[in-house]
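Everything on this sheet refers to the single structure shown next.
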Amino acid sequence: MRVLDLFAGTGAIGLEALSRGAHSATAVESHPDAIKVINANKSVTNLPLEIVRADVQKWVTQPVGAKFDLVFLDPPYDFPSGELQAIVDHVIQHCVAEGAIVLVERSSRSKAITAPPEWESSERKFGDTTVQKLVW
């Protein structure tokens with residue numbers, strides 16, 4: 001499995017995936033302090049997490065090469081719904097392998113992501129958090 005963690009924060013998603021046998025994991029994060037935390041966590045675990053310091057909105061529009069089987073997005077809760085939808089649309093069109101799963105963690109007050117017709121969508125709410133699962 002190839003894993004992509006967008007808005008990676010601490011890098012925990014990618015590191016956990018690697019510890020459970022994922023073939024590769026890429027963490028994309030722009031905040032300098034978060035990058036330091038990701039590097040420290042990578043150092044402690046000694047796992048081959050690829051760290052990309054970049055703005056997620058810009059990074060997803062670049063050719064990424066690999067197709068990912070699992071994509072996790074956890075933007076800040078105040079991230080605009082329309083911009084999140086645009087990122088998810090681009091990820092679905094250009095970054096995923098057939099049978100991929102895209103997980104979006106967002107504020108329960110934000111608008112749900114609209115998936116293409118051939119994708120299944122479901123969501124679960126946990127207080128102020130909603131996790132939406134899109135499956136190709």
Side-chain angles (χ1 to χ4, degrees):
M1 177 173 277
R2 295 182 195 297
V3 177
L4 175 61
D5 184 7
L6 300 173
F7 304 97
T10 64
I13 296 295
L15 291 168
E16 183 69 22
L18 288 166
S19 76
R20 293 176 181 261
H23 178 266
S24 66
T26 301
V28 181
E29 176 60 59
S30 63
H31 196 280
D33 291 338
I35 294 292
K36 289 177 187 173
V37 172
I38 296 170
N39 277 313
N41 289 339
K42 177 183 174 178
S43 218
V44 168
T45 62
N46 202 28
L47 291 167
L49 179 67
E50 178 186 3
I51 303 169
V52 178
R53 182 176 177 185
D55 176 85
V56 169
Q57 289 175 283
K58 292 177 184 173
W59 187 83
V60 297
T61 64
Q62 306 300 312
V64 294
K67 298 287 186 182
F68 297 94
D69 304 295
L70 175 64
V71 179
F72 184 76
L73 297 96
D74 184 11
Y77 275 10
D78 61 351
F79 197 81
S81 294
E83 292 177 31
L84 181 57
Q85 180 70 57
I87 291 170
V88 172
D89 289 345
H90 193 84
V91 164
I92 287 173
Q93 291 171 14
H94 302 285
C95 302
V96 296
E98 188 172 338
I101 297 171
V102 176
L103 295 171
V104 182
E105 185 175 322
R106 57 182 173 77
S107 168
S108 295
R109 294 180 301 281
S110 67
K111 185 178 174 187
I113 297 298
T114 302
E118 63 273 17
W119 285 64
E120 295 177 26
S121 178
S122 61
E123 62 181 36
R124 294 196 58 192
K125 293 183 181 187
F126 306 91
D128 290 340
T129 300
T130 295
V131 177
Q132 189 171 351
K133 179 180 178 183
L134 308 172
V135 180
W136 184 9

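Cluster membership for Phe72 and Met1, using ILVMFWY side-chain heavy atoms within less than 4.5 angstrom, is shared. Following chains of ILVMFWY side-chain contacts shorter than 4.5 Å, one can reach Ile92 starting from Leu84, so the two form part of one hydrophobic cluster. Residues Val102 and Ile13 do not share a hydrophobic cluster, clusters being chains of Ile/Leu/Val/Met/Phe/Trp/Tyr side chains in contact below 4.5 Å. Connection of Val135 to Val96 is not established within any shared hydrophobic cluster, with ILVMFWY side chains joined at heavy-atom distances below 4.5 Å, either directly or through further cluster members. The same ILVMFWY cluster, assembled from side-chain heavy atoms under 4.5 Å apart, contains both Val71 and Val28.
To the nearest 0.5 Å, atom CG of residue Asp5 and atom CG of residue Asp74 are 8.0 Å apart. Taken to the nearest 0.5 Å, the CG atom of Leu4 stands 12.0 Å off from the NZ atom of Lys67. Residue Ile35 holds its CD1 atom at 6.5 Å from CD1 of Ile51, rounded to the nearest 0.5 Å. Interatomic distance, CD1 of Ile38 versus NE2 of His31, reported as 11.5 Å (0.5 Å rounding). Once rounded to the nearest 0.5 Å, the distance linking CG of Leu15 with CG of Asn46 reads 11.0 Å. Rounded to the nearest 0.5 angstrom, Cys95 SG and Arg2 CZ are separated by 13.5 Å.
With sequence neighbours excluded, the residues satisfying salt bridge (charged side-chain N to carboxylate O under 4.0 Å, His left out) with Glu123 are Arg106. The ring-ring contact (aromatic ring centres under 6.0 Å, His included) check on Phe7 picks up Phe79, with sequence neighbours excluded. In terms of the salt bridge (charged side-chain N to carboxylate O under 4.0 Å, His left out) criterion, residue partners of Glu16 (sequence neighbours excluded) are, by chain and number, Arg20.
More than 12 heavy-atom neighbours from other residues, nucleotides or ligands sit within 6.0 angstrom of CD on Glu118. Other residues, nucleotides and ligands contribute at most 12 non-hydrogen atoms within 6.0 Å of the CG atom of Asp128.
Looking only at side-chain heavy atoms (C-beta outward), Ile113 and Trp119 stay at 4.5 Å or farther from each other. With contacts defined as side-chain heavy-atom distances shorter than 4.5 Å, the pair Val91/Phe68 does not qualify. Between Val60 and His94, every side-chain heavy-atom pair lies at or beyond the 4.5 Å cut-off. Under the 4.5 Å side-chain criterion, counting only non-hydrogen atoms from C-beta, Leu18 is in contact with Pro48.
Looking at Gln85, its side chain does come within 3.5 Å of a backbone N or O of Thr114 through a donor-acceptor pair. At least one donor-acceptor pair closer than 3.5 Å links the side chain of Asn41 to the backbone N or O of Thr10. Within the 3.5 Å criterion, the main-chain N or O of Val56 finds no donor-acceptor partner in the side chain of Ser30.
Closest of all the heavy-atom pairs between Lys42 and Leu47 is CG-O, 3.4 Å. Between Ala8 and Ala27, the shortest heavy-atom contact is CB-CB, 3.6 Å. Across all non-hydrogen atoms, the minimal contact from Asp69 to Ala97 is OD1-CB, 3.5 Å. The two residues Lys125 and Thr130 make their nearest non-hydrogen contact at CG-OG1, 3.4 Å. Counting all heavy atoms, side chain and backbone alike, Ala34 lies closest to Glu29 at CB-CG, 3.5 Å. Here the closest non-hydrogen pair linking Thr26 and Glu50 is OG1-OE1, 3.0 Å.
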Give the intermediate values and the outcome of side chain to side chain contact (heavy atoms under 4.5 Å, CB included) for residues Lys133 and Ile101. CA-CA 7 Å; Lys133 179 180 178 183; Ile101 297 171; 4.1 Å; yes

Between Glu105 and Thr129, does a side chain to side chain contact (heavy atoms under 4.5 Å, CB included) hold up when you go through it step by step? CA-CA 7 Å; Glu105 185 175 322; Thr129 300; 3.5 Å; yes

